[in-house]
Q: 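I have a structure I would like to understand better, so I am pasting it below and will then ask my questions one at a time.
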Amino acid sequence: MEKMNKPTLYWSLLKFKEWKFYVASTSKGLVFVGSQNNPFEELLEWASKHFPGSPLVEDAEKLEPFVDEITQYLEGTRKTFTIPFEYVGTPFQLAVWQALCDIPYGETKSYSDIANAINNPAAVRAVGAAIGANPVLITVPCHRVIGKNGSLTGYRGGLEMKTLLLDLEKRALSSIM
């Protein structure tokens, strides 16, 4: 049951091969995808900051559509997501996250490309901070943002996870060409 201003957060553990992610949603949409193999505390900390006092309820059935689409992505059979989201962030963060969603599958952009995409070319550092605050890894593809010189840079899920996601997209694209 949803409490006034304190929506229930439903969560489940997504397991794919050797990877494990905690995922969470409200009744409106996906709000959180954790880092690869991080403990449940990652979700608890995020929830206490962004949804203080909201109950956390394990519900694999409610999370099934989200888990299914993320799993299809990890299998290389899905390139876009159709699941609903409930973004929790500032207007600036929301603009950055939308710009991330506009990066085509298998492509990368730099932080300055994202700053330019949101018509704020001087905000490169703020863009980096907004990307670092992205609560829905994989589905909002912050892994597609790299340094201006082409180097892999910070990623909440770690550079190993970022590398694996970028490689997955390159392999999936090369298999259809």
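Not measured: the values here are computed from a predicted model. All values below come from the heavy atoms of this structure, side chains included, with hydrogens, waters and symmetry mates left out.
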Q: What's the verdict on side-chain contact (heavy atoms from CB on, under 4.5 Å) for Phe16 and Glu75, showing C-alpha distance, side-chain angles and the deciding distance?
A: CA-CA 9 Å; Phe16 178 78; Glu75 291 170 338; 3.4 Å; yes
Q: Going by the rule side-chain contact (heavy atoms from CB on, under 4.5 Å), which residues pair with Asn120 if we only count those two or more places apart in sequence or in a different chain?
A: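 Applying side-chain contact (heavy atoms from CB on, under 4.5 Å) to Asn120 gives Phe92, Ile118, Ala123.
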Q: Is Tyr73 close to Leu168 at the side-chain level, that is, under 4.5 Å between some pair of heavy atoms?
A: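 They are in contact (side-chain heavy atoms under 4.5 Å apart), so the answer is yes.
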Q: Say whether, by atom type as modelled, one donor and one acceptor occur between the side chain of Lys162 and the main chain of Thr153 under 3.5 angstrom.
A: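 Yes, Lys162 side chain to Thr153 backbone: donor-acceptor pair under 3.5 Å.
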Q: Report yes or no: do Thr71 and Asp68 form a side-chain donor-acceptor pair below 3.5 Å?
A: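 No, because no side-chain N or O of Thr71 sits under 3.5 Å from a partner of the opposite role on Asp68.
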Q: Count I, L, V, M, F, W, Y as connected when their side-chain heavy atoms are under 4.5 Å apart, and connections chain through other members. Are Val31 and Tyr87 then in the same cluster?
A: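 Cluster IDs for Val31 and Tyr87 differ.
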Q: Would Val127 and Val124 count as a side-chain contact (heavy atoms from CB on, under 4.5 Å) here? Give the steps.
A: CA-CA 5 Å; Val127 163; Val124 176; 5.5 Å; no
Q: With clusters defined by side-chain heavy atoms of hydrophobic residues (ILVMFWY) lying less than 4.5 Å apart, directly or transitively, does Tyr10 cluster with Leu44?
A: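 Unlinked, Leu44 and Tyr10 end up in two clusters.
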Q: Show your working on side chain to side chain donor-acceptor pair (under 3.5 Å) between Ser25 and Glu86 and close with a plain yes or no.
A: CA-CA 8 Å; Ser25 75; Glu86 182 178 358; over 6 Å; no
Q: Side chains of Gln72 and Thr77: is there a donor and an acceptor less than 3.5 Å apart?
A: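 No donor-acceptor contact under 3.5 Å links the two side chains.
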Q: Can you tell me how far apart CD (Glu64) and CG (Leu14) are? Round to the nearest 0.5 Å.
A: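 Here the interatomic distance stands at 11.5 Å.
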Q: If we ignore hydrogens and angles and just use 3.5 Å, is the side chain of Asp167 paired with the main-chain N or O of Leu164 as donor and acceptor?
A: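 No; judged by distance alone, with no hydrogens or angles, the pair does not exist.
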Q: Among all residues two or more places apart in sequence or in another chain, which pass the side-chain contact (heavy atoms from CB on, under 4.5 Å) test with Ser35?
A: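 By the side-chain contact (heavy atoms from CB on, under 4.5 Å) rule, Ser35 matches Asn38, Glu42, Leu137, Arg156.
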Q: To the closest 0.5 Å, what do you measure between CD (Glu107) and CG (Asp102)?
A: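 One finds 11.5 Å between CD of Glu107 and CG of Asp102.
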Q: Using the six-membered ring wherever Trp is involved, compare the ring planes of Phe32 and Trp46 and label them parallel, tilted or perpendicular (cut-offs 30° and 60°).
A: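 Answer is tilted, since the angle falls between 30° and 60°.
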Q: Return the minimal non-hydrogen interatomic distance between Leu13 and Lys20, and the atom names on each side.
A: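 Scanning both residues completely, I find the closest heavy atoms to be CD1-CB, 3.9 Å.
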Q: Between Trp97 and Val88, what is the shortest heavy-atom contact and its length?
A: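 The pair with the smallest heavy-atom distance is CH2-O, 3.4 Å.
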Q: Could you see if Phe66 belongs to whatever hydrophobic cluster contains Phe51? Use Ile, Leu, Val, Met, Phe, Trp, Tyr and a side-chain cutoff under 4.5 Å.
A: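 They do not share one cluster, since no chain of ILVMFWY contacts under 4.5 Å joins Phe66 to Phe51.
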Q: Can any side-chain N or O of Asn134 pair as donor or acceptor with the backbone N or O of Val140 at less than 3.5 Å?
A: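 Looks like yes, one N/O pair under 3.5 Å.
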Q: More than 12 heavy atoms of other residues, nucleotides or ligands under 6.0 Å from CD of Glu61: is that the case?
A: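 No, the 6.0 Å shell around CD holds no more than 12 heavy atoms from other groups.
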Q: Which atom names give the shortest non-hydrogen contact between Tyr111 and Gly154, and what distance separates them?
A: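 So the minimum-distance heavy-atom pair works out to OH-O, 3.7 Å.
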Q: Testing the basics here: between Ile70 and Ile138, what is the closest heavy-atom pair and its distance to 0.1 Å?
A: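 Taking every non-hydrogen atom into account, CG2-CD1, 4.3 Å.
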Q: Where does the angle between the aromatic ring planes of Trp11 and Phe40 fall among parallel (under 30°), tilted (30 to 60°) and perpendicular (over 60°)?
A: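 Rings of Trp11 and Phe40: tilted, as their planes differ by 30° to 60°.
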Q: Going by the angle between their ring planes, with limits at 30° and 60°, are His143 and Tyr155 parallel, tilted or perpendicular?
A: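 Judged by the thresholds at 30° and 60°, the geometry between His143 and Tyr155 is perpendicular.
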Q: Are Leu30 and Leu43 connected in the hydrophobic side-chain network, where two residues link if heavy atoms are under 4.5 Å apart?
A: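 No, Leu30 and Leu43 fall in different hydrophobic clusters.
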Q: Val145 vs Thr108, test: side-chain contact (heavy atoms from CB on, under 4.5 Å). Steps then yes/no.
A: CA-CA 6 Å; Val145 179; Thr108 57; over 6 Å; no
Q: What is the minimum heavy-atom distance between Lys109 and Ile103, and which atoms define it?
A: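 In this case the closest contact between Lys109 and Ile103 is CG-CG1, 3.7 Å.
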Q: Count I, L, V, M, F, W, Y as connected when their side-chain heavy atoms are under 4.5 Å apart, and connections chain through other members. Are Tyr22 and Leu165 then in the same cluster?
A: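 Not linked; separate clusters.
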Q: Just so I know, are the side chains of Cys101 and Pro141 near enough to count as touching, which here means a heavy-atom distance under 4.5 Å?
A: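 The answer is yes, as the side chains (C-beta and beyond) meet within the 4.5 Å cut-off.
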Q: Would you check, one step at a time, whether the test side-chain contact (heavy atoms from CB on, under 4.5 Å) holds for Val57 with Leu9?
A: CA-CA 6 Å; Val57 176; Leu9 291 177; over 6 Å; no
Q: Is it true that Arg144 and Glu169 have a side-chain N and a carboxylate O under 4.0 angstrom from each other?
A: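 Yes, this pair counts.
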Q: Give a yes or no answer on whether the side chain of Glu69 reaches the backbone of Thr82 with a donor-acceptor pair at less than 3.5 Å.
A: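 Yes; judged by distance alone, with no hydrogens or angles, the pair exists.
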Q: How about Leu166 and Leu152: do any of their side-chain heavy atoms sit closer than 4.5 Å?
A: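 When only atoms from C-beta onward are counted, Leu152 and Leu166 do touch, with a gap below 4.5 Å.
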Q: Do you know which two heavy atoms are closest between Gln36 and Trp19, and how far apart they sit?
A: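 Taking every non-hydrogen atom into account, NE2-NE1, 2.9 Å.
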